Every structure is written in C-alpha cells, then in structure tokens.
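Working notes, structure below.
Because the structure is a prediction, the values reported are computed rather than measured. In this chain, numbering begins with 1 at the start of the sequence shown.
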Amino acid sequence: MGGSLEKLFKVANVSLGAMLVLTIVTYYLAANGKINNFPTYLAAIAFIPFIIIRPDTLFASFSRPIVVLVTVFLLYLVASAAWSDNASPLLVAKYFGYAFLLVSFVLGIAVISSQYPEFLKWLLLVTVLSATISCVYSIFLYFYLPDYQPLIEERLYAMGRLRNPVIAALSYGIAATICANLALLHSRWMRFLWSICFLILLAGILFTETRSVWVGLIVSIPASVILQKDISLKSKAVIVGSFFAIVVITIATTWLAGYWGEVLHRATSFRPEIWMKTLEDTYQVNLFLGNGIASNSELIIGGITFQHAHSIYFSTFFYGGLVGIFLLLVLIGACFRELGKLGFTPIVVLALSTFLFAVSSLFIDGDRLLEKIDFHWLVFWLPVALCLVATSKGSVDDIVL
C-alpha cells in the first residue's frame with residue numbers, strides 16, 4: 001500500500017509541475033481564457049494527493065506565517081460570498097473552488113520547486129519566453145494590422161487573453177522583472193539574450209500606454225540590481241543608470257513624436273474619484289465586512305461607469321471591508337518580513353523584486369485577488385509563490401536561476 005501511495009505521489013509531482021508550466025504558457029499564448037483555465041483544473045486535481053498523502057510538504061517546509069495568511073485571506077474572501085449580491089450556497093462553493101485552484105497554483109509552485117530545484121529555472125524561462133513571444137506578436141499586430149485596433153485610443157491591443165492594454169502591460173511587466181533577474185545571473189551571451197527579451201517587453205509595455213506598470217518597474221528593476229551580492233557597486237551604478245537612461249530617452253523621444261498626448265489627456269484616469277467613491281460606498285454598506293467578493297463593483301461617477309476600484313487595496317476594501325484589507329496588508333507585511341530574515345541570495349532577490357513590482361503597480365490597478373486565473377495570478381500570486389520558495393527549508397540553496 002505504501003509503495004502504491006509513493007507511486008501516486010510521484011505521478012502527482014510530475015503532473016502538477018507540467019500543469020503549472022502549461023498554465024503560464026497558455027496564459028500568455030492561448031487564444032482565450034477557456035484554454036487557459038483547463039491546465040489549472042488539472043493542476044488542482046494533481047495537488048490533491050499532496051494534501052492527503054504529504055500534508056507536511058505544505059505546512060512544514062515553508063514559512064508558516066505566509067502559508068497560514070494566504071489560506072486565511074482566501075478563505076475570508078470565500079466566506080464573503082455569503083453576504084455578496086445574490087448570495088447562495090452555490091456561490092460560496094464556486095468561490096471556494098476558485099480558492100482551491102489558486103492555492104494549487106501558489107503552493108504547487110513552492111512544493112515542486114523545493115523538491116526539484118531545476119523546476120523553478122524552467123518555469124521562469126518559460127514565463128519570460130512566453131511573454132516575449134506574445135509581446136513580439138502583439139507589436140506586429142499593432143503596427144501592421146491597423147484593423148486589429150478595436151479601441152478608440154491607439155494603444156497596443158495584445159494577443160489572446162491579454163487584450164486589455166492594462167492587463168497586457170502588467171503581464172509583460174512581471175515577466176520583465178523576472179527577465180532582469182535572469183539577465184543579471186548569467187554569462188555575457190545569455191545576458192545579451194535576456195536583455196533583448198527585456199527590451200522587447202519594455203517596448204510592448206510602452207505601446208500599451210499604461211502608466212501603473214512603470215510605477216512597478218521603476219521600483220522592481222533597480223531593486224533587482226542593487227540587491228545582487230555578486231555585482232560590484234560600480235557595475236550596479238552603471239546598470240541602474242542605463243535603465244533610467246533608457247526610460248528618460250524613451251520618454252523624451254516619444255514626447256517629441258507627440259506620443260504622450262493621449263497619455264497626458266487621461267491625467268489621473270479618475271483614480272482619486274474612484275477611490276473616494278469606493279470608500280463612501282463601502283462605508284454605507286458594511287465598513288467592517290465589505291460588500292462581498294461576488295458583488296457588483298461598478299462605480300458611477302459623474303455619469304461615467306467604472307467597472308471596479310482600479311487598485312487591489314481599494315478593491316479588497318470594497319469586497320472585504322476593514323477585515324479584508326487588514327488581512328491583505330498583514331500578508332504583504334509577512335512576505336517582506338520573512339524575506340528580510342534571509343540573505344540576498346538570487347531566489348530571495350527574485351522574490352523581493354517581483355513582490356515589490358506587485359505591491360507598487362497594483363496600488364493603482366487591479367481588482368479581485370480571488371478569481372479564476374487572470375493577471376492577478378501572475379502579477380500578485382506568482383511573487384507570493386516565489387516568497388514561499390525563498391523561505392523553503394528544503395533544497396532552496398540548490399535552486400539555480
């Protein structure tokens with residue numbers, strides 16, 4: 001019986017790892033969300049043996065505060081479905097299913113990475129290459145197929161499920177942050193190839209005309225460089241200076257070309273008004289528990305309808321009230337605190353820089369943190385998974401990026 005369980009566990013390992021990789025590939029390259037959903041279902045099924053056969057791999061191997069807080073935060077959001085619009089037991093069950101899919105993704109990456117040190121390297125490689133391929137194709141469509149532009153604004157309309165310019169920008173942004181880390185850790189020729197991918201991703205981000213992603217990149221890229229132990233201070237200054245020089249030259253060039261007219265026309269994109277309306281509406285409904293995760297988050301301001309609060313912090317407050325935002329902030333604080341206890345190894349720097357990108361860029365964009373796979377999985381929850389990998393008590397030192 002023990003041998004059969006071990007065989008099942010090995011099959012689950014391989015299946016879970018494969019489905020996690022496929023989840024990210026299909027996120028960037030699949031034609032629609034339905035294709036991308038499928039590997040997440042299979043990953044959740046493959047994750048079940050870990051709970052039944054080896055629960056110790058989930059709770060004993062990683063930072064217990066992060067694992068507990070991820071679980072508590074998601075379960076609270078699931079529970080909030082009970083006081084959402086049109087609440088029902090079926091609605092709560094649906095969001096519990098979403099939470100299980102998400103936990104399978106986050107803890108799955110951590111578990112497989114700790115057992116197979118090579119897995120994370122390939123997962124990151126696939127993430128960057130998939131994002132770069134998506135970006136190249138999207139730029140091609142942007143320039144050579146004008147009919148592909150369905151928006152009034154001339155913003156890059158990315159391929160597949162990244163069609164929204166904001167979603168595309170943030171999805172490419174997290175890949176660019178990972179790419180920057182990989183470029184810093186490899187030899188000259190590999191660094192050159194990663195740098196090409198990085199520049200392609202920056203070009204795609206520029207054409208989306210999305211500003212929130214730059215907030216994240218201006219924080220995460222310098223952090224990726226400055227925290228590296230094996231790079232001299234002089235080299236760090238050159239690399240960071242080069243990054244900001246590229247940003248400044250790009251801004252100046254596009255400004256002279258008249259490219260920033262539409263960007264500046266959008267001003268603050270009503271963010272202060274949206275956030276104030278979110279606070280007012282939530283206060284009136286339920287200050288402590290919020291509106292519930294499944295509630296309609298549309299906001300009407302001056303006759304204009306906005307689909308959500310455009311910030312994971314204000315959105316979490318809208319759906320979960322003071323309790324929800326408190327749990328989110330405690331989770332974020334725990335991730336920073338646990339990483340701060342460790343030395344600046346490559347995996348710690350990767351986790352910290354991607355998490356910095358998440359918490360800064362998603363301050364002015366983002367919606368539900370509990371949903372079927374969408375950009376929040378890549379932009380927020382993947383960095384949380386990397387924080388767990390960095391705190392692994394197993395073979396984390398053997399992970400080579």
Could you tell me whether the side chain of [Y] reaches within less than 4.5 Å of the side chain of [X], counting heavy atoms only?
X: His376; Y: Asp367; value: yes
X: Tyr41; Y: Lys372; value: yes
X: Thr278; Y: Leu299; value: yes
X: Val240; Y: Ile221; value: no
X: Ile347; Y: Leu120; value: yes
X: Leu185; Y: Gln228; value: yes
X: Leu22; Y: Leu42; value: no
X: Leu107; Y: Phe50; value: no

Under a 3.5 Å distance rule, please check whether [X] uses its side chain to pair with a backbone N or O of [Y] as donor and acceptor.
X: Thr282; Y: Gly321; result: no
X: Trp83; Y: Asn291; result: no
X: Arg191; Y: Ala183; result: yes
X: Ser114; Y: Val111; result: yes
X: Asn36; Y: Ile373; result: no
X: Asn181; Y: Leu184; result: no
X: Thr316; Y: Tyr313; result: no
X: Ser353; Y: Leu350; result: yes

Next item on the list: Start with the C-alpha gap between Thr345 and Val348, add the side-chain angles, then the distance that decides, and say whether side-chain contact (heavy atoms from CB on, under 4.5 Å) holds.
Entry: CA-CA 5 Å; Thr345 61; Val348 172; 3.2 Å; yes

With no hydrogens and no angle check, do the side chains of [X] and [Y] hold a donor and an acceptor under 3.5 Å apart?
X: Asp365; Y: Ser311; result: no
X: Tyr116; Y: Lys121; result: no
X: Ser84; Y: Tyr95; result: no
X: Tyr319; Y: Ser80; result: no
X: Tyr28; Y: Thr132; result: no
X: Ser63; Y: Glu338; result: yes
X: Thr354; Y: Thr177; result: no
X: Tyr27; Y: Ser171; result: yes

Indicate the ring-plane relationship of [X] and [Y], choosing parallel, tilted or perpendicular according to the 30° and 60° boundaries.
X: Phe198; Y: Phe243; result: tilted
X: Phe363; Y: Trp275; result: perpendicular
X: Phe207; Y: Tyr142; result: parallel

Between atom [atom1] of [X] and atom [atom2] of [Y], what is the distance when rounded to the nearest 0.5 Å?
X: Gln307; Y: Asn296; atom1: CD; atom2: CG; result: 9.5 Å
X: Ile332; Y: Leu69; atom1: CD1; atom2: CG; result: 11.0 Å
X: Leu382; Y: Ile24; atom1: CG; atom2: CD1; result: 5.5 Å
X: Thr210; Y: Leu156; atom1: OG1; atom2: CG; result: 9.0 Å
X: Ile200; Y: Ile205; atom1: CD1; atom2: CD1; result: 12.0 Å
X: Leu77; Y: Ile293; atom1: CG; atom2: CD1; result: 5.0 Å

If you compare all heavy atoms of [X] against all heavy atoms of [Y], which two are closest, and at what distance to 0.1 Å?
X: Ser130; Y: Leu29; answer: O-CD2, 3.5 Å
X: Ile35; Y: Ala30; answer: CG2-CB, 3.7 Å
X: Ala110; Y: Val389; answer: CA-CG2, 3.6 Å
X: Ile139; Y: Ala203; answer: CD1-CB, 4.2 Å
X: Ala12; Y: Ala46; answer: CB-O, 3.5 Å
X: Pro39; Y: Thr26; answer: CG-OG1, 3.7 Å

Next item on the list: Would you check, one step at a time, whether the test side-chain contact (heavy atoms from CB on, under 4.5 Å) holds for Leu331 with Cys335?
Entry: CA-CA 6 Å; Leu331 171 59; Cys335 289; 4.2 Å; yes

Notebook entry, point to check: Quick one: side chain to side chain donor-acceptor pair (under 3.5 Å) pairs with a partner in residues 97-112, sequence neighbours left out?
Noted result: none

Counting only heavy atoms not in [X], do more than 12 fall under 6.0 Å of its [atom1]?
X: Met276; atom1: CE; answer: no
X: Phe336; atom1: CZ; answer: yes
X: Phe244; atom1: CZ; answer: yes
X: Phe100; atom1: CZ; answer: yes
X: Glu298; atom1: CD; answer: yes

Next item on the list: Verify side-chain contact (heavy atoms from CB on, under 4.5 Å) between Tyr172 and Leu162, making sure each step is shown before the conclusion.
Entry: CA-CA 10 Å; Tyr172 293 153; Leu162 308 185; 3.9 Å; yes

Notebook entry, point to check: Does the pair Phe317 and Leu328 meet the rule for a side-chain contact (heavy atoms from CB on, under 4.5 Å), with working shown?
Noted result: CA-CA 9 Å; Phe317 175 72; Leu328 174 60; over 6 Å; no

Item checked: Centroid-centroid under 6.0 Å between Trp381 and Phe105 rings ->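 Between Trp381 and Phe105, the centre distance exceeds or equals 6.0 Å.
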
